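Since the structure is predicted, the reported quantities are computational estimates derived from the model, not experimental observations.
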Amino acid sequence: MPELADRVQCYMCVPLVDGDDVFGAITLVSAGSGRVFDVADLDLPNELASRVATVVASARRHQRDLQVANELQHHLLPTVLPTPPGVRHAFRYLIATGAEAGGDFYDMVILPSGRIGLMIGDIEGHDATAAALMGQLRSAARVLAGQFREPAQLVDALQWSWGLLGFERSATAIFA
C-alpha cells in the first residue's frame, strides 16, 4: 500500500491570521482522487480560516485577560495578616473550580482603638478591571476603617466615596 505522501497530488495551505499575527494554518490535501485544486477552490478554505482565526484569537485574548486578572488579584490580596495579641487566626483564599478570579477580597486590620477590623467582599466581574477596583476598595476601606467605630459608618463612608473613586460596578462586602 503506497504511503500517503506518495499519493498526494495537490495541497493548499491557508493561514490563520489575527492582525499581523499568523498563528496557524489550515491545510487541505488531495490524495488518491486525482483532484487538483485551483484558485476557485480557495474561497471556502479562506472563509473557514477567517472564522477559525476569529474564534481562536478571541479565546487567546480572553485567556490573556484572565491571566492578567488572576495575577493582579493575587498581588493585591494580602499574603500576611496582622496577628493581634491573644488572637489566633488562619486564612486561605481558593478560587472555586471552574471560576475566574477578579474582584474578590479579604483583609484584617488592627484599628487605632486596638479592635480588629475584618472585611470580605467581591466587586462585580471577573476581569482585570474588577481586580483593580477591588484593590482600590480594599485600600479605601483600610484607610477609612480607623476613622469609624462601627462597620455601618465605614459602609456609609465607602458608599459616599464611590463616585470619587470612579466606581461603575456594584460590590458586596461584610465588615466586622
State plainly whether one hydrophobic cluster holds both [X] and [Y], where clusters connect Ile, Leu, Val, Met, Phe, Trp and Tyr through side-chain heavy atoms under 4.5 angstrom apart.
X	Y	result
Ile174	Leu133	no
Val143	Met108	no
Ile26	Val29	no

Output all residues satisfying salt bridge (Lys or Arg N to Asp or Glu O under 4.0 Å) with [X], sequence neighbours left out; order by chain, then residue number.
X	answer
Arg115	none
Glu47	Arg51
Arg149	none
Arg60	Asp21

If you compare all heavy atoms of [X] against all heavy atoms of [Y], which two are closest, and at what distance to 0.1 Å?
X	Y	result
Pro112	Gly146	CD-CA, 3.7 Å
Val14	Pro45	CG2-CB, 3.7 Å
Ala69	Ala128	CB-N, 3.4 Å
Leu16	Ala49	CD2-O, 3.4 Å
Phe23	Val17	CE2-C, 4.0 Å
Leu154	Ala141	CD1-O, 4.0 Å

Can you tell me how far the [atom1] atom of [X] sits from the [atom2] atom of [Y], to the nearest 0.5 Å?
X	Y	atom1	atom2	value
Leu28	Leu48	CG	CG	8.0 Å
Leu137	Phe167	CG	CZ	5.0 Å
Leu77	Asp107	CG	CG	9.0 Å
Phe37	Leu42	CZ	CG	9.5 Å
Leu81	Phe91	CG	CZ	4.0 Å

Side chain to side chain, [X] and [Y], heavy atoms closer than 4.5 Å:
X	Y	answer
Asp156	Phe148	no
Gln136	Ile123	no
Leu66	Asn70	yes

Before giving the answer on side chain to side chain contact (heavy atoms under 4.5 Å, CB included), spell out for Asp104 and Met134 the whole-Å C-alpha distance, their side-chain angles and the decisive distance to 0.1 Å.
CA-CA 7 Å; Asp104 301 334; Met134 172 276 291; over 6 Å; no
Scan for salt bridge (charged side-chain N to carboxylate O under 4.0 Å, His left out) pairs involving residues 62-77, sequence neighbours excluded, and state none if there are none.
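Sorted result for residues 62-77: empty, none.
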Taking salt bridge (charged side-chain N to carboxylate O under 4.0 Å, His left out) as the cut-off, I'd like each qualifying pair that reaches into residues 22-36, sequence neighbours left out, listed once.
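Residue pairs passing salt bridge (charged side-chain N to carboxylate O under 4.0 Å, His left out), neighbours aside: Arg35-Asp41.
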With side chain to side chain contact (heavy atoms under 4.5 Å, CB included) as the criterion, how do Ser139 and Arg142 come out once you've worked through the C-alpha distance, each side chain's angles and the decisive distance to 0.1 Å?
CA-CA 5 Å; Ser139 295; Arg142 280 185 135 242; 5.6 Å; no
Backbone N/O of [Y] and side chain of [X]: donor-acceptor pair under 3.5 Å:
X	Y	result
Gln9	Gly34	yes
Arg138	Leu76	yes
Ser50	Asn46	no

Full working for side chain to side chain contact (heavy atoms under 4.5 Å, CB included) between Ile116 and His89
CA-CA 12 Å; Ile116 298 170; His89 63 74; over 6 Å; no
Looking at residues at least two apart in the chain, or sitting in another chain, which of them share a side-chain contact (heavy atoms from CB on, under 4.5 Å) with [X]?
X	value
Ile110	Pro82, Pro84
Gln147	none
Ile120	Tyr106

Please give the remaining members of the hydrophobic cluster of Leu164, linking ILVMFWY side chains under 4.5 Å, ordered by chain and number.
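So far as hydrophobic clustering goes, Leu164 is joined with Trp160.
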Hydrophobic clusters join Ile, Leu, Val, Met, Phe, Trp and Tyr when side-chain heavy atoms are under 4.5 Å apart, directly or via other members; which others share one with Leu111?
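Once heavy-atom contacts under 4.5 Å are chained together, Leu111 belongs with Val109.
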side-chain hydrogen bond (donor to acceptor under 3.5 Å, both in side chains) partners for Ser33, two or more places apart:
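So Ser33 forms a side-chain hydrogen bond (donor to acceptor under 3.5 Å, both in side chains) with Ser30.
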Report, as yes or no, whether the 6.0 Å neighbourhood of atom CD on Gln67 holds more than 12 heavy atoms from other residues, nucleotides or ligands.
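Counting neighbours around CD of Gln67, 12 or fewer heavy atoms of other residues, nucleotides or ligands fall under 6.0 Å, so no.
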